[in-house]
Amino acid sequence: MDYLPLFADLKQRPVLVVGGGEVASRKIDLLLRAGADVQIVAQALHPELQHRYEQHQVTWLAEAFEPAQLDNVFLVIAATDDNVLNATVFDEADRRRVLANVVDDQPKCSFIFPSIVDRSPLVVAISSSGKAPVLARLLREKLEALLPASLGTMAEIAGNWRGRVKDQLRSMTERRRFWEKAFSGRFAALVESGQPEQAEQALHDTLTQHQKEGGQVTLVGAGPGDAGLLTLRGLQVMQQADVVLYDHLVSDEILDLVRRDADRICVGKRAGAHSVAQEETNRLLVELALKGKRVVRLKGGDPFIFGRGGEELQAAKAAGIPFQVVPGVTAAAGATAYAGIPLTHRDHAQSVLFITGHCRPDGDAFDWATLARSRQTLAIYMGTVKAAEISAQLIAHGRAADTPAAVIGRGTRADQQVLTGTLAQLDILAQQAPTPALLVIGEVVSLHSQLAWFGHQPQADGFQRPSVVNLA
């Protein structure tokens with residue numbers, strides 16, 4: 001972040017505005033709405049400011065700026081057409097550790113004005129850090145249309161009831177759940193329909209009938225990496241979680257979408273690194289849910305495709321804990337789509353097999369003869385360590401050594417890499433690919449050169465394509 005967003009309490013606080021024109025008038029209007037004690041330094045006042053001055057809404061401090069005028073102010077705004085004067089105001093304010101804003105001169109701002117959606121006491125502020133103010137304004141216009149005017153009334157009533165709710169519901173978690181229910185239920189509907197008295201009665205009824213909720217477990221598929229592939233339901237559940245247990249495969253961009261005050265516990269597994277045993281993860285899920293918490297188990301890809309989601313829900317079921325599942329975009333679907341490799345194509349493959357390259361030592365061996373059939377696609381998870389064995393076994397059981405193959409490293413992410421070659425070269429590709437990586441074997445890989453669309457390398461046709469290493 002270039003700026004830390006803050007909401008400042010300006011009530012009765014002195015704010016200096018240097019400039020008396022139309023731009024200064026617009027800023028002063030905002031300051032007065034926030035209750036600031038506005039002091040103006042200007043040679044002349046815009047008619048609107050002149051009217052405010054005559055109504056004793058502002059103080060016309062002086063016609064010329066003097067550094068001493070900054071000694072006792074909270075903020076200062078320079079809104080003149082004199083660049084030298086504006087720079088002087090900023091430098092003198094900075095020397096005194098007073099926050100300053102030079103209008104339309106972002107480098108000379110220690111604070112900036114955001115675009116505002118005002119549903120007081122609910123206020124939404126949007127900023128582009130001074131880089132694209134028109135974009136921020138367009139976003140504000142969209143939010144103005146989306147956010148009903150009744151939100152302010154709803155927030156006002158909630159503020160009046162906050163103390164009563166706190167007295168009756170001692171747990172912070174219970175209070176949060178109470179308000180989540182109120183803001184999405186009958187109380188909110190009555191406020192929106194203009195019935196505030198009935199809305200307060202509904203709030204009273206909800207509070208007196210409130211019952212403590214038990215814990216639950218929700219498995220959420222986070223997708224292969226790109227936060228845009230997270231489902232809407234997944235986002236909603238993450239925003240309601242008390243605690244989130246997540247894997248290493250979950251990207252930072254997706255973790256940033258978790259509710260800010262939710263506890264986060266990493267239970268990920270990485271090859272060759274310290275990891276949390278599956279039994280310990282199961283125990284944590286059960287223990288946290290039995291404490292009444294809403295537990296989200298956040299998994300890369302889809303939780304039921306090589307994600308051990310079934311094992312974790314079996315543990316929840318055995319403990320009598322309610323659970324639900326939010327599917328996710330699995331790596332084989334997401335990474336290949338972003339690499340421009342269709343899993344099936346009527347000219348190349350009529351079937352696709354999802355395989356894990358990391359099996360239990362006591363598990364069944366691969367049916368190599370079935371896997372080696374031609375005109376089918378193999379999507380292999382967690383297969384980079386055994387890429388040499390996979391290549392050798394498939395060739396030994398009849399798959400052509402020159403069958404197209406790809407390794408997609410960090411699929412769907414900004415640093416995605418697609419390495420293509422042949423089945424005989426699979427181990428070399430796997431050694432070069434960043435992890436996590438997906439192995440793809442089959443004739444469909446040959447379409448990558450035509451269909452690749454996502455990435456950073458500009459091509460003559462104007463598209464942006466992934467970083468590619470081709471060993472064919």
Side-chain angles (χ1 to χ4, degrees), residues 1-10 15-19 21-31 33-34 36 70 73-120 122-147 225-230 235 239 251-258 260 338 410 412-416 453-458 462-467:
M1 290 189 298
D2 293 326
Y3 292 87
L4 177 67
L6 297 171
F7 287 86
D9 181 3
L10 297 184
V15 177
L16 181 67
V17 178
V18 181
E22 183 178 355
V23 174
S25 180
R26 291 201 301 268
K27 300 300 182 185
I28 288 170
D29 180 64
L30 279 175
L31 295 171
R33 286 164 60 185
L70 295 166
V73 300
F74 195 68
L75 303 171
V76 61
I77 298 165
T80 79
D81 55 6
D82 185 336
N83 292 334
V84 174
L85 174 57
N86 289 343
T88 299
V89 172
F90 176 78
D91 290 340
E92 292 293 339
D94 199 46
R95 187 174 296 114
R96 290 167 170 77
R97 304 291 191 270
V98 173
L99 293 174
N101 176 280
V102 176
V103 176
D104 207 23
D105 192 352
Q106 186 263 338
K108 291 184 175 60
C109 291
S110 51
F111 81 95
I112 55 178
F113 283 92
S115 290
I116 295 172
V117 180
D118 189 0
R119 301 288 187 272
S120 292
L122 185 68
V123 177
V124 180
I126 308 128
S127 171
S128 65
S129 299
K131 293 178 171 57
V134 173
L135 178 60
R137 178 178 57 80
L138 291 173
L139 181 56
R140 179 185 64 79
E141 291 173 359
K142 291 180 183 296
L143 290 175
E144 287 280 9
L146 288 173
L147 301 179
D226 184 349
L229 297 180
L230 181 70
L235 176 61
Q239 285 291 308
S251 67
D252 290 340
E253 293 78 10
I254 289 174
L255 284 175
D256 283 343
L257 299 174
V258 172
R260 293 295 179 193
Y338 274 50
R410 299 182 63 78
T412 78
R413 307 186 192 206
D415 56 349
Q416 170 181 294
W453 60 273
F454 173 77
H456 300 286
Q457 293 187 345
F463 283 94
Q464 298 286 318
R465 295 206 173 101
S467 301

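Basis for what follows: all heavy atoms, side chains included, without hydrogens, waters or symmetry-related copies.
In summary, Asp118 and Arg33 engage in a salt bridge, as defined by a charged side-chain N under 4.0 Å from a carboxylate O. Note on Lys108 versus Asp91: no salt bridge recorded, every NZ/NE/NH1/NH2 to OD/OE distance being 4.0 Å or above. One finds a salt bridge joining Arg119 and Glu144 here, because a Lys/Arg side-chain nitrogen approaches an Asp/Glu carboxylate oxygen to under 4.0 Å.
Glu92 has its side chain out of reach of Val89: every pair of non-hydrogen atoms, C-beta onward, lies at least 4.5 Å apart. Within the 4.5 Å cutoff, side-chain heavy atoms of Trp453 are placed close to those of Tyr338. Contact check for Val117 versus Val123: no side-chain heavy atoms found under the 4.5 Å cut-off. Side-chain contact between Leu135 and Ser128 is absent, with no heavy-atom pair separated by less than 4.5 Å. Residues Leu10 and Leu75 form a side-chain contact, since some pair of their non-hydrogen atoms from C-beta on lies under 4.5 Å apart. Proximity of Lys131 to Asp2: side-chain heavy atoms (C-beta onward) are separated by under 4.5 Å at one or more points.
Between Ala227 and Glu253, the shortest heavy-atom contact is CB-CB, 4.0 Å. Summarising the geometry of Ala79 relative to Val103, their closest heavy-atom pair is CB-CG2, 3.8 Å, with the distance given to 0.1 Å. Of all heavy-atom pairs between Arg140 and Ser115, the closest is CD-CB, 3.8 Å.
The number of heavy atoms from other shown groups lying within 6.0 Å of CD (Glu22) does not exceed 12. Within 6.0 Å of CG in Asp81 there are 12 or fewer heavy atoms belonging to other residues, nucleotides or ligands. Counting non-hydrogen atoms of neighbouring residues, nucleotides and ligands closer than 6.0 angstrom, the CG atom of Asp105 exceeds 12 such neighbours.
Atom-to-atom distance recorded for Ile116:CD1 and Ile126:CD1 is 9.0 Å, nearest 0.5 angstrom. To the nearest 0.5 Å, the span separating CE on Met1 from OG on Ser129 amounts to 9.0 Å. Note that OG of Ser127 and CD1 of Ile112 are 3.5 Å apart. Values are rounded to the nearest 0.5 Å. Remark: Asp226 CG to Ser251 OG distance equals 8.0 Å, nearest 0.5 Å. Rounded to the nearest 0.5 angstrom, Leu16 CG and Ile77 CD1 are separated by 9.0 Å. The CZ atom of Phe113 lies 11.5 Å from the CZ atom of Arg26; values are rounded to the nearest 0.5 Å.
Checked by atom type and distance alone, the side chain of Gln239 pairs as donor or acceptor with a backbone atom of Leu257 at under 3.5 Å. Of the possible polar contacts, one joining the Asn86 side chain to the Thr80 backbone as a donor-acceptor pair under 3.5 Å is found. Ser25 contributes no side-chain N or O that, together with a main-chain N or O of Gly21, makes up a donor-acceptor pair within less than 3.5 Å.
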Please report the C-alpha distance between Val15 and Val76 in whole Å, then the side-chain angles of each, then the deciding distance to 0.1 Å, and finally whether the side chain to side chain contact (heavy atoms under 4.5 Å, CB included) criterion is met. CA-CA 6 Å; Val15 177; Val76 61; over 6 Å; no
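No option in Leu138, Leu139, Leu143 other than Leu138 meets the side-chain contact (heavy atoms from CB on, under 4.5 Å) test with Glu141.
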